[in-house]
Engineer: 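What follows is a single structure, and I will ask about it in a moment.
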Amino acid sequence: MIDDTLSGWGQWVRKRFNEVTRPNRPPKSDEVLISKGQVRILSIDGGGIRGILPAMLMLEIERRLQRDAGDKQLRLADCFDVVAGTSTGGVLALGLTTPGKNGRPRHDARALADMYVEHGHEVFDVSLFKDFRALKAVGSNKYPWDGAEKVIRSYLGDGILSESLREVLITTYCLDSGGAKFFKRRHARADKGEDFKTVDVAKATCAAPTYFPPVHFKDLAGRAEHGYIDGGVVAHNPALCAVTEARRTFPEAQDLIIVSLGTGWYVPEIDYRKAEKWGGIQWARPLVDILFNGPADAVDHQLREMLPTALEEEGRYFRFQPKIEKAAAALDDATPKNIDRLQDLARTYIDRPETQAMLDRLIPLLLKR
């Protein structure tokens, strides 16, 4: 299936990946594909508080999986081989794959969706600006890490990347090297110098410039300390990164399924006659939307060209991306009113006939063993 859809360059990629020697040890049980010969990928975009949109889609997918399998203990981590995330999507990816005390996923999709409703205001706490001392501590960034780190730590605990239940890919940008940094379970298991606390990884992928300060920390081997900022500057939509990671990790697989969850599509219409006269200040806000949505749409386009899409007969690529209104576009509006608005948008999108049709096709594929 992969070779048929990727054609020229895809076959070269497969050949190159098959040349890589896999570790000379028997794979662990969680390194074996759920369905032989097929890689299943879950990819979650960045988007701040708008992460409630993919979280509610995750909840709907998990609910359907449990219903159709007749198993209320079934979790999303039981149905995907690779989970990738950027920024808020990275927190969700780690939340899905962090083990609990019994070796099962620490959280179900319901708990992760509730995280935004119950704790969003702690992450984006505008009340801090009422205190001059807090404002001084924040400096030029909008929020300190206090609230966000408390929430992240309460959900991820003392987990480490190498203990994730599935292959994980989390995007960040390393300030020291001036390039992309991908935190991966595969690397963490092979080298202690690539293993990290999941709390640190989550903060790194969420450290959006102007919103939160950059973060810095050492690997678990204590070899080096680096600084990181939000993975959205690397890959707002990490789905294509996840595909390359899947091919690298499971080169024997001949088929793949991609479930890509967006955090809402919104780009303001810009009158080019006005834009011709804009300077840096006027471009600041619309440029953020363009830089987030443009590359994410480019990834969507590439995967649509590479693979049959959800509603085609042999659909393998499922992109869930609600269109949102301007009022809900802010990445940090965690007011009760906006939380309700985002939840309503998610419910409306899930209830759409096209979304229901995509879910009807997807669930049997994820339950196949």
Side-chain angles (χ1 to χ4, degrees), residues 44-56 85-95 98 106-107 110-159 170 172-173 197-217 227-233 236 263-264 266 284-285 288-289 292 324-346:
I44 313 169
D45 289 13
I49 195 65
R50 282 158 45 184
I52 194 171
L53 298 173
M56 290 185 67
T86 290
S87 194
T88 193
V91 175
L92 290 173
L94 292 168
T98 295
R106 183 181 175 101
H107 301 292
R110 165 62 69 184
L112 294 174
D114 288 345
M115 175 178 67
Y116 293 90
V117 179
E118 297 173 2
H119 302 289
H121 66 283
E122 298 175 45
V123 176
F124 303 108
D125 187 359
V126 295
S127 67
L128 286 170
F129 291 98
K130 296 178 181 178
D131 189 325
F132 176 76
R133 290 171 298 175
L135 179 60
K136 184 177 179 181
V138 175
S140 61
N141 295 290
K142 212 170 178 184
Y143 307 100
W145 273 112
D146 304 52
E149 182 170 357
K150 179 182 177 182
V151 173
I152 291 171
R153 193 174 296 279
S154 71
Y155 277 80
L156 300 183
D158 298 321
I170 307 296
T172 60
Y173 182 88
K197 297 178 181 178
T198 51
V199 169
D200 288 338
V201 174
K203 287 178 61 180
T205 194
C206 289
T210 75
Y211 287 90
F212 294 102
V215 299
H216 56 91
F217 49 85
Y228 304 96
I229 60 172
D230 192 292
V233 304
H236 184 65
T263 55
Y266 169 76
R285 178 53 194 269
V288 170
D289 294 321
F292 273 2
I324 62 176
E325 57 198 44
K326 181 179 180 180
L331 303 180
D332 61 339
D333 184 353
T335 60
K337 181 178 180 180
N338 196 52
I339 293 291
D340 289 343
R341 182 186 293 121
L342 289 168
Q343 288 181 301
D344 288 343
L345 282 168

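A quick note: this is a predicted structure, and the numbers were derived from the prediction, not measured.
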Engineer: Does Gly46 offer a backbone N or O that forms a donor-acceptor pair with the side chain of His236 under 3.5 Å?
Structural biologist: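 The answer is yes, because a donor-acceptor pair under 3.5 Å joins these two groups.
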
Engineer: When rounded to the nearest 0.5 angstrom, what is the spacing between CZ in Arg110 and CE in Met56?
Structural biologist: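 So the CZ of Arg110 and the CE of Met56 are separated by 7.5 Å.
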
Engineer: Nearest heavy-atom pair of Leu331 and Phe124: which atoms, and what distance?
Structural biologist: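 Answer, listing the atom of Leu331 first, then Phe124: O-CZ, 3.7 Å.
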
Engineer: Can you tell me how far CZ of Arg153 sits from CG of Asp158, rounded to the nearest 0.5 angstrom?
Structural biologist: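 Nearest 0.5 Å value for the CG-CZ distance: 7.0 Å.
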
Engineer: Show me, pair by pair, the donor-acceptor contacts under 3.5 angstrom made by side chains of residues 86-95, not counting sequence neighbours?
Structural biologist:
from, atom 1, to, atom 2, distance (Å)
Thr86, OG1, Thr171, OG1, 2.7
Thr86, OG1, Ala235, O, 2.6
Ser87, OG, Asp230, OD2, 2.9
Thr88, OG1, Gly48, O, 3.2
Thr88, OG1, Tyr116, OH, 2.6

Engineer: Any chance you could measure Asp332, atom CG, to Asp125, atom CG, to the nearest 0.5 Å?
Structural biologist: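 Here the rounded value is 11.5 Å.
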
Engineer: Would you mind telling me which of Val215, Val201, Thr205 makes a side-chain contact (heavy atoms from CB on, under 4.5 Å) with Tyr228?
Structural biologist: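 Going through the options one by one, the only one that passes is Val215.
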
Engineer: Would you say NE2 of His119 has more than 12 non-hydrogen atoms from neighbouring residues, nucleotides or ligands within 6.0 angstrom?
Structural biologist: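 Result for NE2/His119: enclosed.
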
Engineer: Which is it for Val123 and Phe212 under the side-chain contact (heavy atoms from CB on, under 4.5 Å) test, yes or no, and what are the steps along the way?
Structural biologist: CA-CA 10 Å; Val123 176; Phe212 294 102; 3.9 Å; yes

Engineer: Asp340: what forms a salt bridge (charged side-chain N to carboxylate O under 4.0 Å, His left out) with it, not counting sequence neighbours?
Structural biologist: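 Asp340 satisfies salt bridge (charged side-chain N to carboxylate O under 4.0 Å, His left out) with no other residue.
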
Engineer: Hey, does Thr98 have a side-chain heavy atom less than 4.5 Å from the side chain of Tyr155?
Structural biologist: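 Counting from C-beta outward, Tyr155 and Thr98 never come under 4.5 Å.
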
Engineer: For Asp146, what residues pass the salt bridge (charged side-chain N to carboxylate O under 4.0 Å, His left out) criterion, not counting sequence neighbours?
Structural biologist: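 Per chain and number, Asp146 pairs via salt bridge (charged side-chain N to carboxylate O under 4.0 Å, His left out) with no residue.
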
Engineer: Could you report the tightest heavy-atom contact between Ile152 and Ala202, atom names first, then the distance?
Structural biologist: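 Shortest heavy-atom separation between Ile152 and Ala202 comes out as CG2-CB, 3.7 Å.
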
Engineer: Which heavy atom in Glu118 sits nearest to a heavy atom in Glu122, and how many Å separate them?
Structural biologist: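 Residues Glu118 and Glu122, closest heavy atoms: O-OE2, 3.9 Å.
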
Engineer: Closest approach of Val199 and Gly157, non-hydrogen atoms and distance?
Structural biologist: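 That closest heavy-atom pairing would be CG2-O, 3.4 Å.
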
Engineer: Indicate the atoms forming the closest heavy-atom contact of Gly264 with Ile324, along with that distance.
Structural biologist: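 Distance-wise, the nearest heavy atoms are CA-CG2, 3.8 Å.
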
Engineer: Sorted by first residue and then second, give each salt bridge (Lys or Arg N to Asp or Glu O under 4.0 Å) pair with at least one member in residues 197-207; sequence neighbours left out.
Structural biologist: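 For residues 197-207, and leaving out neighbouring residues, the salt bridge (Lys or Arg N to Asp or Glu O under 4.0 Å) pairs sorted by first residue read Glu149-Lys203.
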
Engineer: By salt bridge (charged side-chain N to carboxylate O under 4.0 Å, His left out), which residues pair with Arg106, not counting sequence neighbours?
Structural biologist: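 Applying salt bridge (charged side-chain N to carboxylate O under 4.0 Å, His left out) to Arg106 gives none.
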
Engineer: Sequence neighbours excluded, which residues qualify as side chain to side chain contact (heavy atoms under 4.5 Å, CB included) partners of Ala328?
Structural biologist: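 Residues passing side chain to side chain contact (heavy atoms under 4.5 Å, CB included) with Ala328: Glu325, Asn338, Arg341, Leu342, Leu345.
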
Engineer: If you compare all heavy atoms of Pro213 against all heavy atoms of Trp145, which two are closest, and at what distance to 0.1 Å?
Structural biologist: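 Between these two residues, the closest heavy atoms are O-NE1, 2.9 Å.
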
Engineer: Pair Ile339, Ile49 - check side-chain contact (heavy atoms from CB on, under 4.5 Å), show working.
Structural biologist: CA-CA 8 Å; Ile339 293 291; Ile49 195 65; 3.8 Å; yes

